[in-house]
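We use all heavy atoms of the structure for the numbers below, so side chains are in, but hydrogens, waters and symmetry mates are not. Below, chains carry the letters A, B, ... as their sequence lines are ordered, and counting in each starts from 1.
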Amino acid sequence: MIEEKDIIIVDEPDLSTTEKLYLPQVVQGLRTTFKHLFKKNITVQYPEVKREQRVENYRGVHRLNRDEKDRVACVACFMCQTACPANCIHIVAGESPWEDREKYPVQFDLDELRCIYCGMCEEACPVDAIELTPEYDIVGRSREEMVFDKEKLLAVFERTKDVKPRKNPRITGYAGTGDREQSSGNTEGEG
Amino acid sequence: MLELLKDQFTFSVILALVIVGILNGAVAYCIYFERKISAWLQDRVGPNRVGPLGLLQPLADGGKFVLKEDIIPANVDKPLFLFAPFMALVLGFIGFAILPWGGSVDLDGDGVVDVIAQVADPGIGILYLLGIGGLAVYGVVLGGWANNNKYAYFAAMRATAQMLSYEIPMGLCILIVVLTAGQIRLEEIVLAQVGNGNIWNICLHPVAFIILLTTVFAETNRTPFDLAEAEQELIGGYHTEYGALKFGMFFLGEYAHMITGSGMVIVLFLGGWHLPWIPGLQPEDVSIGAMLLKMSVFGAKIAVFLFFFMWVRWTLPRFRFDQLMRLSWKGLMPISLALMCYTSVLVYAGKATSLAWCLGGELGVVFIVLAINAMRTAPITGRQRNMPAITVHKPAGAP
Amino acid sequence: MPKIIIDGTEIEARDGVPVLQAALESGLDIPHYCYHPGLSIVASCRLCLMEMKLPHPQTKEMGWAPKLFPSCQTPVREGMEVRFGTEKVEANQKTCMEYFLLNHPLDCPVCDQAGECHLQDYSYKFGSAESRMYEQKQVNPKKDIGPKTLLYSDRCVMCTRCVRFANEVAGTGELCVTNRGGRAEIDVFPGVPLDNGMQGNVVDICPVGALLDKDFMFKQRVWFLKGGDSICPGCSTGCAIRVDSNENVVHRLKPRFNPGVNDWWMCDAGRFDFKYVHDVKRIAKPRLRRGQESDTPDWSEIPDIVRYRFEQHIARRGGASVAVVLSPMMANEEAWLLATYIRSLAPEATLLLGHVPIEGEDERYPVGCNDDDAKFTINNEKCPNRRGVEMLIEQLGGSTCAFEVFAKKCADGEFTAAWVVGGYPKGWPTKDLTKSVKKCELLVAQDIFENELTGEAEIVLPACAWVERDGSFTNAGGKIQPFERAIDPIQGARRDGQYLFEIAGNEGLYSGERVREMMADKMAAYANVAEAPLKPAHQH
């Protein structure tokens with residue numbers, strides 16, 4: 001509820017006598033814009049020139065990380081799907097073929113067209129398996145093509161792992177005791 | 001061949017064809033420059049992908065206009081819907097007919113003036129331009145009506161009211177020039193300015209010039225007077241339902257209008273093809289070379305004006321409709337009327353071409369206007385006095 | 001009704017219940033794991049301890065006793081005073097929670113119980129955020145304890161609910177506690193897997209993620225599921241269930257508390273036999289035979305077509321030639337709509353109860369108990385609503401006959417128009433039945449799967465699975481129990497109730513409640529339906 005005292009009614013300003021002629025203002029405006037005729041362009045000629053990018057926190061295309069044994073790091077916990085405000089993640093979980101892991105994603109579909117690139121999935125992921133990469137120039141010829149499946153997302157990891165290594169590579173899941181390893185000192189992979 | 005050319009009719013036909021050909025291209029490139037200039041004014045690059053420097057952009061745009069699906073919505077008034085874009089374009093172009101492009105020409109060099117470099121030189125002269133200007137509103141009004149769309153119709157109504165309002169100060173300003181020159185044929189008005197010791201009318205009547213310029217902006221529906229196509233309020237205005245080539249015609253029509261309007265202002269106030277003291281640009285130079293030179297000078301002046309049009313468009317925001325009306329009826333109209341009366345007196349007194357008297361009068365009128373303004377309590381754009389007073393709450397600490 | 005004072009507030013408790021139950025019923029959230037109202041009390045989790053006022057041994061003066069008492073094991077007494085909101089009680093809860101989590105793997109992200117796990121809930125509410133345990137946690141890999149159930153021992157809190165359930169309710173006693181102290185764990189005896197007709201309940205009563213259902217394993221996270229209050233159609237016991245679905249797919253069924261019918265339990269047959277709902281072979285569209293051609297009419301045409309064909313037939317052959325076979329798979333409302341519709345066309349038409357699938361004998365649990373001591377009964381009538389359809393035919397009166405007689409009369413040419421409703425999950429019409437019913441000139445088959453009968457029918461109407469319908473079933477005990485729709489019908493189909501509603505000449509949307517009101521005008525029995533309590537009397 002807006003309080004009466006919070007409402008500010010701004011009346012039109014009283015123009016001075018010369019201002020009422022409009023002309024001084026018009027001339028002033030024209031002068032301002034004219035100056036810009038000779039200023040340096042700020043346009044970047046995109047495909048030829050690319051801007052320098054921030055790697056750590058740029059929110060581009062997603063990737064699914066692989067762990068050190070080259071398996072998909074995802075444990076199919078659905079946290080990203082739960083956190084996703086755009087409902088663009090669809091996971092089908094299955095029993096993992098590996099000893100140290102309960103679940104793994106049989107299917108992992110991410111609709112890059114529905115996605116709003118908010119990065120909530122990355123925040124939610126308990127094993128840092130899904131991450132947003134600095135890659136932003138994705139194109140497709142159909143909507144179906146833009147629904148990235150597991151293979152495509154892993155391929156993004158292959159493309160970007162040199163630029164942006166996986167955040168906490170040592171945490172791979174819930175092996176044995178299920179306890180996460182001590183997370184201290186695991187951040188050197190950043191940057 | 002030369003004999004044939006010496007016939008004014010043949011010459012006019014050829015000239016018309018040449019001018020329409022050139023202007024068609026010029027109009028297309030106006031769009032290119034509009035985009036370029038807007039980009040430059042905003043520290044951008046503008047179109048630069050199609051051809052070198054993006055120079056083939058108009059061709060690509062044109063191709064796109066031609067190739068796009070031409071939709072005629074189901075509910076439109078079909079005949080008018082088809083007719084309105086032609087109206088807009090044709091009325092934009094036929095104004096060129098009486099612009100004096102290059103003065104008199106002696107084609108064979110025998111010292112006798114054979115033809116004048118003007119497509120038509122009717123006796124009514126400037127009245128023809130006023131007539132065209134009056135008709136031009138039909139393109140917009142018919143388009144808006146035929147759309148069968150309430151926003152388009154609003155746009156049409158706005159356009160009508162705007163054109164009616166601004167035609168009055170425009171006519172009065174033209175009258176000032178006509179009174180000064182004593183002529184209504186455009187070529188004669190140019191010659192009169194040259195004859196007046198190379199003093200163009202802009203020196204005699206700067207205030208009238210500014211008013212005329214303002215009204216030309218309004219007549220051509222350019223910013224800051226483009227209320228008829230206000231996207232934010234009217235989803236595009238009178239051409240909301242138009243697409244493909246028909247929209248392109250409206251688009252071209254607007255720029256053709258700008259060229260006509262600039263030509264008119266140049267002829268009336270800036271000496272047309274004339275530049276003082278430069279040989280080849282004087283009335284007595286009648287060779288073919290002089291004609292071409294005069295045409296180029298006229299074209300260059302138009303180009304400067306077009307630049308000014310675009311510059312203003314990317315500088316000033318749009319007027320509100322009530323401000324627009326108030327500006328015309330309460331501002332431009334009384335001033336131009338006063339100037340016109342004063343000029344009539346000068347003409348009666350034989351001082352019509354006196355720099356001192358004219359300038360003095362103009363300054364006097366401006367001064368009187370300022371004085372009246374200063375004494376008025378209601379601001380020109382403010383609230384009506386019969387509206388309830390507003391209390392302004394200011395939060396603590398606000399400036 | 002004894003009055004007791006909990007935390008200074010006087011509440012009324014039921015006779016003979018433990019203080020914990022009274023507190024829970026009064027709306028307090030007292031943490032507890034081992035207590036379950038349907039099982040014996042062991043007071044082993046120590047989470048529900050409370051402070052109680054007792055007379056001083058010497059002075060006989062009433063005062064707060066220095067030790068804590070398990071509220072689940074203390075029956076209510078008139079005027080007793082207890083409290084939960086004290087530092088002592090809270091400290092106990094906190095300590096208990098820390099112990100429960102000592103060896104817990106904290107693998108909530110991959111645990112199927114997450115979201116409905118009381119270890120999670122109580123940790124948030126009563127536990128502490130950090131563990132002081134720094135030794136290696138005990139590793140206890142998952143065990144396959146039965147064909148349908150998995151045991152994750154390291155998530156277990158040793159509440160022994162499952163052991164007690166197997167002993168007391170199922171009566172099969174496959175589960176036991178092996179080892180002692182910190183190494184204690186649940187297990188099955190060698191060579192005796194957990195495999196009885198009720199074993200699915202151990203997953204429901206497990207307060208943590210230790211016992212999990214293989215069928216539901218990894219299918220969905222529970223917070224995506226939407227529950228629909230339904231009644232199990234598997235037999236005429238009429239268990240109240242919750243249908244958990246997501247995006248129109250049923251993922252699991254869970255029992256709802258329904259005193260006197262199924263209490264807290266349901267059988268495995270009912271729990272897992274819903275897969276036919278998503279069978280791709282289901283009939284999805286109405287079908288119509290016009291001459292030799294088979295046609296799929298639009299739903300909007302169906303009422304007129306049906307009425308026209310029946311009117312024509314009745315004009316030719318008379319109303320007595322019409323028979324309606326009402327399936328015991330139908331809801332009362334649907335049966336009523338169909339019966340009254342046909343009677344409105346032909347008052348002399350015959351209404352009869354259709355095929356009642358019977359499998360063996362009633363199964364009673366605990367296994368081997370006397371009939372009177374049974375805690376749970378699986379009825380041998382594998383249909384939910386035989387009683388209801390019988391009652392309805394009785395109430396409506398008029399001509400009726402047995403199902404066998406119907407087949408004979410069809411064969412004899414006495415019935416020349418029949419509307420046969422099926423809807424059974426398993427194939428039902430016998431060759432003989434089809435042979436005799438085939439002789440009908442006008443045959444309407446309303447069924448869920450294609451069979452011989454639908455192949456012969458003039459008009460085929462798709463029947464929906466119960467999760468797609470709403471209405472009420474009357475169970476073997478005569479209780480009319482409403483159920484609601486959990487998911488939308490499959491693409492192309494409409495709810496039986498909806499098209500019968502429209503065929504009967506009504507406009508608008510069918511709802512079981514609306515039709516029950518119409519029925520109650522004529523039959524008072526339908527005015528009162530037995531809703532299962534919305535909230536169970538215990539927390540979990």
Side-chain angles (χ1 to χ4, degrees), chain A residues 64-65 67 71-109 111 114 120-130 168 171-184, chain C residues 100-117 119-120 130-144 148-156 182 208-226 246-249 251-252:
Chain A
L64 266 185
N65 292 332
D67 60 14
R71 309 168 303 185
V72 58
C74 172
V75 293
C77 70
F78 289 66
M79 291 300 149
C80 48
Q81 183 175 338
T82 306
C84 181
N87 284 338
C88 67
I89 304 178
H90 290 277
I91 304 171
V92 176
E95 187 161 4
S96 90
W98 309 298
E99 274 298 296
D100 60 344
R101 193 88 61 79
E102 264 292 302
K103 286 161 93 179
Y104 89 117
V106 177
Q107 199 187 327
F108 194 108
D109 291 341
D111 191 339
R114 261 193 104 144
M120 299 283 245
C121 45
E122 187 175 349
E123 293 280 319
C125 186
V127 292
D128 296 320
I130 189 166
N168 291 313
I171 302 168
T172 59
Y174 295 94
T177 62
D179 201 359
R180 286 173 77 132
E181 287 175 48
Q182 293 294 310
S183 57
S184 59
Chain C
F100 286 133
L101 290 171
L102 273 189
N103 282 313
H104 191 279
L106 298 176
D107 56 353
C108 302
V110 293
C111 174
D112 271 357
Q113 186 84 2
E116 51 182 17
C117 172
L119 207 46
Q120 283 184 333
E130 280 175 29
S131 170
R132 289 177 288 169
M133 168 91 166
Y134 53 83
E135 283 88 0
Q136 192 73 33
K137 286 189 176 189
Q138 271 184 30
V139 184
N140 224 337
K142 65 183 171 192
K143 274 187 285 199
D144 195 354
K148 290 170 184 161
T149 310
L150 279 177
L151 171 67
Y152 288 79
S153 279
D154 46 13
R155 294 177 190 156
C156 180
V208 297
L211 286 162
L212 291 177
D213 201 340
K214 283 185 189 168
D215 184 60
F216 180 66
M217 198 79 180
F218 304 152
K219 288 272 159 56
Q220 284 285 310
R221 302 319 302 262
V222 294
W223 52 84
F224 292 132
L225 297 174
K226 284 182 282 294
N246 183 23
E247 289 172 350
N248 275 332
V249 178
H251 288 288
R252 66 174 182 187

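- Remark: C:E135 CD is packed, more than 12 non-hydrogen atoms of other residues, nucleotides or ligands lying under 6.0 Å away.
- C:P109 and A:C77 make their closest contact through O-CB, 2.8 Å (heavy atoms, listed as atom of the first residue, atom of the second, distance).
- Of the inter-residue distances, the one linking C:E247 atom CD with A:H90 atom NE2 reads 6.0 Å to the nearest 0.5 angstrom.
- Looking at every heavy atom in both residues, C:F218 comes nearest to A:A93 through O-CB, 3.6 Å.
- A heavy-atom distance below 4.5 Å is not found between the side chains of C:D112 and A:E102.
- Taking NZ from A:K103 and CE from C:M217, the interatomic distance works out to 8.0 Å, rounded to the nearest 0.5 Å.
- Contact detail for C:V110 and A:V75: the closest heavy-atom pair is CG1-O, 3.5 Å.
- Here the closest heavy-atom approach between residue C:R221 and residue A:F78 is recorded as CG-CB, 3.3 Å.
- A:M120 CE: 12 or fewer foreign heavy atoms inside a 6.0 Å radius.
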